[in-house]
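See below for the structure under consideration.
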Amino acid sequence: MKDVAVIVEIIESTIQDISYELLGKAKELASQTGGKAVAIAMGNKVDVSSLPCDTVYYIEDDALENFCSLHVKVLSKIVQEVNPKVILAGNTSIGTDLAGHIAVELNIPVASLCNKVSVNENVRATSLAYGGKLLVDLELKERGVILANRGSFTAATEGSPEVKKLSLSDIGIEADNEIEFIDYIKPEEDVDISKFDVLVSVGRGIGGEENIDDAKELAELLGGEISSSRPVVDSEWLPKSRQVGRSGKTVTPNLYLALGISGASEHLEGVKAKNVIAINTDPDAPIFRVSRIGAVIDIFDVIPVLIDKIKEIKD
Ligand SMILES: Cc1cc2nc3c(=O)[nH]c(=O)nc-3n(C[C@H](O)[C@H](O)[C@H](O)COP(=O)(O)OP(=O)(O)OC[C@H]3O[C@@H](n4cnc5c(N)ncnc54)[C@H](O)[C@@H]3O)c2cc1C
């Protein structure tokens with residue numbers, strides 16, 4: 001029981017980014033346990049040949065193309081065969097669904113909302129409770145399932161694993177779904193802010209829709225996109241697709257420029273940036289606690305100067 005397993009998340013035959021982050025961590029943990037990093041992928045026509053791990057169990061069938069109850073049955077079977085010390089899954093709707101079932105099936109604990117995990121005799125993890133207001137250190141006796149937040153671990157890129165491709169009949173499972181997949185309802189999105197390296201994010205301090213164009217121009221000049229806190233979306237100054245935080249998106253940019261954002265825990269839950277630069281008139285604003293650079297100044301004094309300076313440098 002030394003291996004570290006990852007439940008690979010696949011939507012419409014595409015491996016989701018979170019899986020690469022989990023595999024990055026799995027490789028690190030496996031080197032400590034002396035076991036293997038094992039990916040478990042279930043789908044149809046998915047290219048798993050370069051997943052960054054030692055072994056991939058790939059169970060392929062038409063019936064596994066979309067997430068359904070069959071995935072639970074397949075996963076239970078494979079997990080029992082692999083017998084891992086720890087199972088990593090994304091703290092996503094698919095990950096939480098699968099993890100709960102597996103935990104019950106194997107009678108092992110599950111820890112959700114984790115941003116740290118280590119393995120010794122037992123499995124240790126840190127969970128972000130109450131919207132990140134509390135960091136809870138947990139110890140899971142012997143083994144367990146860890147649901148990790150996006151942006152918690154460094155993604156591994158490519159590997160050349162041993163691929164064990166199996167069909168449903170190979171593992172003695174019939175394709176009778178108790179829960180039938182009907183459709184994916186995709187969010188209407190003009191842009192996916194989670195994919196950008198630079199985000200200029202505006203909060204209530206931006207004051208109104210009429211002021212957002214300047215922030216957009218700044219974002220464009222920096223080669224990034226505009227994002228926001230929730231009040232900006234609630235006020236319909238920007239669409240929901242731009243919202244960062246607990247009820248919005250988790251973002252992992254290199255630079256997160258926070259303009260007039262206080263830094264409430266529900267907002268910061270979604271900010272996994274390498275560098276946060278905050279501009280706020282309130283020196284006690286919590287955003288400064290997570291900022292690499294902070295400036296206590298009116299954003300309306302700063303934005304035009306930044307725009308001019310960047311244009312000057314670019315010219
Ligand atoms: C269940 C739940 C889920 C939530 N989900 C989210 C979420 O996903 N994302 C999210 O963002 N919030 C979320 N919230 C709301 C969250 O609690 C905060 O209310 C919100 O993040 C505050 O947004 P803000 O920082 O823009 O506004 P405020 O907290 O009002 O802060 C505005 C800031 O702007 C500064 N300011 C004002 N004028 C200027 C100026 N001219 N120049 C410089 N600074 C200025 C002020 O000093 C202040 O710090 C959620 C809340 C709950 C209960």
Side-chain angles (χ1 to χ4, degrees), residues 18 90-93 96 112-113 115 127-136 149-152 187-196 198-219 222 224-253 255-273 275-309:
I18 179 101
N91 206 104
T92 57
S93 42
T96 43
S112 57
L113 296 161
N115 71 341
S127 170
L128 276 70
Y130 300 106
K133 283 193 178 112
L134 276 185
L135 297 181
V136 183
N149 296 330
R150 214 184 138 241
S152 301
E188 279 176 32
E189 271 192 344
D190 52 339
V191 70
D192 182 357
I193 54 168
S194 70
K195 305 268 187 242
F196 283 84
V198 175
L199 287 174
V200 173
S201 210
V202 291
R204 206 195 312 259
I206 197 74
E209 195 177 0
E210 65 282 5
N211 299 325
I212 292 201
D213 277 353
D214 284 349
K216 274 188 188 159
E217 187 180 358
L218 182 57
L222 290 168
E225 262 300 339
I226 185 122
S227 58
S228 77
S229 65
R230 179 159 147 179
V232 172
V233 171
D234 289 347
S235 308
E236 299 185 356
W237 300 341
L238 280 172
K240 173 83 180 157
S241 57
R242 306 287 170 155
Q243 185 183 320
V244 174
R246 184 197 285 192
S247 46
K249 288 224 165 175
T250 296
V251 295
T252 55
L255 170 64
Y256 189 77
L257 178 56
L259 303 173
I261 293 179
S262 61
S265 63
E266 293 86 1
H267 181 76
L268 296 181
E269 218 175 287
V271 183
K272 308 285 174 219
N275 301 289
V276 176
I277 299 180
I279 303 177
N280 197 305
T281 42
D282 175 8
D284 297 322
I287 189 83
F288 289 128
R289 286 190 225 136
V290 297
S291 303
R292 185 152 183 191
I293 300 171
V296 181
I297 188 169
D298 193 310
I299 52 172
F300 299 111
D301 291 337
V302 175
I303 296 173
V305 178
L306 280 178
I307 289 175
D308 287 348
K309 270 280 163 212

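Order of listing sets the numbers, starting from 1, for every ligand and every atom in it. Residue indices begin at 1 and follow the sequence shown.
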Check against side chain to side chain donor-acceptor pair (under 3.5 Å), Asn91 and Ser112:
CA-CA 7 Å; Asn91 206 104; Ser112 57; 4.7 Å; no

How far does CZ of Arg204 sit from CD1 of Ile261, to the nearest 0.5 angstrom?
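Rounded to the nearest 0.5 Å, the CZ-CD1 separation comes to 11.5 Å.
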
Within the heavy-atom cut-off of under 4.0 Å, ligand 1 is lined by Gly203, Arg204, Gly205, Ser229, Arg230, Pro231, Gln243, Val244, Gly245, Arg246, Ser247, Gly248, Gly260, Ile261, Ser262, Ala264, Glu266, His267, Asn280, Thr281, Asp282, Ile297, Asp298, Ile299, Phe300

Can you tell me if CD on Glu236 sees more than 12 non-hydrogen neighbours from other groups inside 6.0 Å?
no

With side-chain contact (heavy atoms from CB on, under 4.5 Å) as the test, pick out the partner of Ile206 among Ile299, Leu238, Asp214.
Ile299

Carefully, step by step, assess Glu225 and Arg242 under the rule salt bridge (charged side-chain N to carboxylate O under 4.0 Å, His left out).
CA-CA 9 Å; Glu225 262 300 339; Arg242 306 287 170 155; 2.5 Å; yes

Gln243 vs Ser247, side chain to side chain donor-acceptor pair (under 3.5 Å): CA-CA, chis, key distance, verdict
CA-CA 8 Å; Gln243 185 183 320; Ser247 46; 3.1 Å; yes

